[in-house]
Amino acid sequence: MANKISDETIEYVSILSKLKLTDKEKKQAKKEIGNMLDYFDKLNELDTTGVEPMSHVFPINNVFREDVIKNEDQREDILKNAPGVKDGMFKVPRTVE
Amino acid sequence: MSILSLTAVELAAKIKAKEVTVLQAVEEVISQIEAKEELYKCYVTIAKNRAIERAKQVQEQIDSGNLTGPLAGVPVAIKDNMCIKDMLTTCSSKILSNFIPTYSSEAVIKLEEAGAIIIGKTNMDEFAMGSTTETSAYGVTKNPRNPEHVPGGSSGGSAAAVAAEECFFALGSDTGGSIRQPASYCGVVGMKPTYGTVSRYGLIAYASSLDQIGPLAKDVTDCATILEVIASHDEKDSTSIKREDTDFTKALVNDVTGMKIGIPQDYFMKGLAPQVKEAILNAAKVLKDKGAIVEEFDLGLVEYAIPTYYTIAAAEVSSNLERFDGIKYGYRTNEFDGLHDMYKKTRSEGFGKEVKSRIMLGSFVLSSGYYDAYYLKALRTKALIKKAFDTAFEKYDVILGPVAPTTAPKLGSSLNDPMKMYLSDIYTISANLAGLPGITLPCGKDEKGLPIGLQLTGNCYQEKKIIQAAYTYEKARGKIEWDQHSEEV
């Protein structure tokens, strides 16, 4: 079953994951993801027809609260964590040419 | 006798009785850290000055009668995935090597309100992904019961710090066993409450639907006391549950007469070390002799829990860790060509191998064409696993079993075979999938002096039953003397 992980799939997954892999890492990822998926295929032994997917163990619905600002202004402290700051804002690489 | 061997509750009582000052407690812990850290490496950050400062404030509040709780003045260690305002919080990852939160997690706020003194942040597997604390970017924690072995993980630093008396208790987080397994490996008591009992606000997310904060402590009394302090309904965590029954210390009752305890036969198949099996069955006998009704039964679906867990956890990882992009906080790569190259290089350099591997696996199982076959299939299996537990808890108050198939493995022996490491989570992960509370406490040791842990799992909201069973067992068991280890390893 591991053959469903082709080199193209690894390329695609690394794009989705926003990761840049070396050739060695790609080879290793291919093997490891393949092994894990083979193992995940064990779930196909179970008949889950008609079973609702359970994302949360308790039946909770959307939890709403009033949109009220409770915290103080922390702009300066928050910006101290940023790798790049300019004029009180996050500095990012150019996104449009 | 040094105060370091006291439990948290005992220390707080001595502080209240003015036999010990808060500052003395803090200074003793700091000397212990200075003496032991080089060997054990439990901490990523030690907040010595902050702790001394806080000790003075807390002492004043105790003296003035404003702080009277059972943890007032007690030094605590916090796993490094919980934000603390103005304190470095790394998740043991390079990508957060310089992150100073502007707020504290709710569980930490509750502890500080109760007068506990934060001593530092403990080492962990990077982003809590691992079972040995060896995937940390900041060094390997050693097991204080035998420093050639791992402390377990991912809350390995917290468990080791409690075992090494480098704190009086600690907080950890448990996504698939990350409190219970290291507690077991280090011979301390650990507890994961029902999902939603402790606010996850300020806990850096691994797999949000499974993550839960809980205590690691020296005994069951401490565990119940700490949980009572940190449990809260928090509107900042939309999965937080409103509970009226969080007076967990009420369950510290030495009696299991008539309590129905089930032992899953399917937990005793191949892979379980004979010494672990023997210790668990002995513990079951102790509870039976105390009046519990102990039976074996078939839980079912045990072997499907691991693939279900790793599919769901990886999927949530790939989504939760998208936020680490080198823009708002954390590490950013030095040289890059445009925005996307910056993202990719930052993340590739900032994350370790295990984290990258799980992000990719998660991206795959959520990707178009595979979503139904993997992710939805796992969520359907999760529903079946939950149902199997519902059926079991119709008959039993408590499920009793091992925490892990073996005692703590040797350092360096796990990471080269990740599949083997994943399989060692078999007894702990179903509690996370089904949202159940679980407590682990020592029930013996193997020939190397390594602790063996007993796990008691309850139905949702039934912490009190497992606390009562654990407390009764602990009283009957008596004190376990751990081997002393030389400082040279």
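Naming: A, B, ... by sequence-line order, numbering from 1 per chain. Keep in mind that what you see is a predicted model, and the values were worked out from it rather than measured.
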*Is it the case that more than 12 heavy atoms not belonging to His233(B) sit under 6.0 Å from its NE2 atom?*
yes
*asked:* If I measure from the heavy atoms of chain A, does Ser208(B) come under 4.5 Å with its side chain, its backbone, both, or neither?
replied: neither
*asked:* Between Thr95(A), Leu46(A), Asn62(A), who has the most heavy-atom pairs with chain B when the cutoff is under 4.5 Å?
replied: Leu46(A)
*asked:* Distance check, rounded to the nearest 0.5 Å: Asn44(A) atom CG versus Tyr374(B) atom OH?
replied: 7.5 Å
*Non-hydrogen atoms of chain B under 4.5 Å away: do they reach the side chain of Thr22(A), the backbone, both or neither?*
neither
*With respect to chain B, which residue among Val85(A), Leu79(A), Ile78(A) yields the maximal number of heavy-atom pairs within a distance under 4.5 Å?*
Ile78(A)
*asked:* For Lys328(B), which atoms come within 4.5 Å of any heavy atom of chain A: side chain, backbone, both, or neither?
replied: both
*Tyr12(A) versus chain B, the contacting section by heavy-atom distance below 4.5 Å*: side chain
*asked:* Could you tell me if the side chain of Leu436(B) sits less than 4.5 Å from the side chain of Val57(A), heavy atoms only?
replied: no
_Residue part contacting chain B, namely of Glu52(A), when any heavy atom lies under 4.5 Å_ = backbone
*Could you state the interatomic distance from CD (Glu32(A)) to CE (Met360(B)), rounded to the nearest 0.5 Å?*
8.0 Å
_Closest non-hydrogen atom pair between Asn81(A) and Ile100(B), with its separation_ = ND2-O, 2.7 Å
*Which one, Met342(B), Glu235(B), Lys345(B), leads in non-hydrogen pairs under 4.5 Å with chain A?*
Glu235(B)
*What part of Tyr370(B) gets closer than 4.5 Å to chain A, counting heavy atoms only: side chain, backbone, both or neither?*
side chain
*Closest contact, heavy atoms only, Ala378(B) versus Leu43(A)*: CA-CD1, 4.1 Å
*Using a cut-off of 6.0 Å, state whether more than 12 heavy atoms not belonging to Lys31(A) lie near its atom NZ.*
no
_Flag, side chain of Arg347(B) to backbone of Lys18(A), donor-acceptor distance under 3.5 Å_ = yes
*Closest approach of Lys377(B) and Thr48(A), non-hydrogen atoms and distance?*
NZ-OG1, 3.0 Å
*Below 4.5 Å from any heavy atom of chain A, which atoms of Leu423(B) appear? Answer side chain, backbone, both or neither.*
side chain
*Side chain, backbone, both or neither: which part of Lys387(B) has a non-hydrogen atom closer than 4.5 Å to chain A?*
neither
*Go through Thr311(B), Leu384(B), Leu376(B), Leu210(B) and name the one with the most non-hydrogen pairs under 4.5 angstrom from chain A.*
Thr311(B)
*Roughly how far, to the nearest 0.5 Å, is CG of Leu361(B) from CZ of Phe40(A)?*
4.5 Å
*asked:* Using a 4.5 angstrom heavy-atom cutoff, name the option from Leu366(B), Leu321(B), Ile327(B) with the most pairs to chain A.
replied: Ile327(B)
*Could you check if a side-chain atom of Lys344(B) sits within less than 4.5 angstrom of a side-chain atom of Ile15(A), using non-hydrogen atoms only?*
yes
_Which residues in residues 67-77 of chain A have any heavy atom closer than 4.5 Å to a heavy atom of chain B?_
Lys70(A), Gln74(A), Asp77(A)
*By a 4.5 Å heavy-atom criterion (distance strictly below it), what part of Thr308(B) contacts chain A: side chain, backbone, both, or neither?*
both
*Smallest separation among heavy atoms of Tyr39(A) and Glu303(B), with atom names*: OH-O, 4.3 Å
*How far apart are the closest heavy atoms of Lys42(A) and Tyr304(B), and which atoms are they?*
O-CE2, 3.5 Å
*If you tally heavy-atom pairs under 4.5 Å against chain A, which of Leu433(B), Thr381(B), Asp341(B), Thr346(B) wins?*
Thr381(B)
_Partner chain B: residue of Gly84(A), Ala82(A), Pro83(A) with the largest heavy-atom pair count (under 4.5 Å)_ = Pro83(A)
*Do the ring planes of His56(A) and Tyr195(B) sit parallel (below 30°), tilted (30 to 60°) or perpendicular (above 60°)?*
perpendicular
*Looking at Gly435(B), Ala314(B), Ala434(B), which has the largest count of heavy-atom pairs under 4.5 Å with chain A?*
Ala434(B)
_Tell me if the NZ atom of Lys94(B) is crowded by more than 12 foreign heavy atoms within 6.0 Å._
yes
*Under 4.5 Å from any heavy atom of chain B - which part of Arg94(A)*: backbone
*In Å and rounded to the nearest 0.5 Å, what is the CD1 to CE distance from Ile306(B) to Met36(A)?*
9.5 Å
*Against chain A, label Tyr461(B) side chain, backbone, both or neither, depending on which of its atoms sit under 4.5 Å from a heavy atom there.*
side chain
*Using a cut-off of under 4.5 Å on heavy-atom pairs, state which of Ser240(B), Ser348(B), Gly338(B), Gly326(B) scores highest against chain A.*
Ser348(B)
*Which atom pair, heavy atoms only, marks the closest approach of Ser17(A) to Ile359(B)?*
CB-CG2, 3.6 Å
*Interchain contact, Phe90(A) with chain B, by part (heavy-atom threshold 4.5 Å)*: side chain
*Side chain / backbone / both / neither for Val63(A) at chain B, heavy atoms under 4.5 Å*: side chain
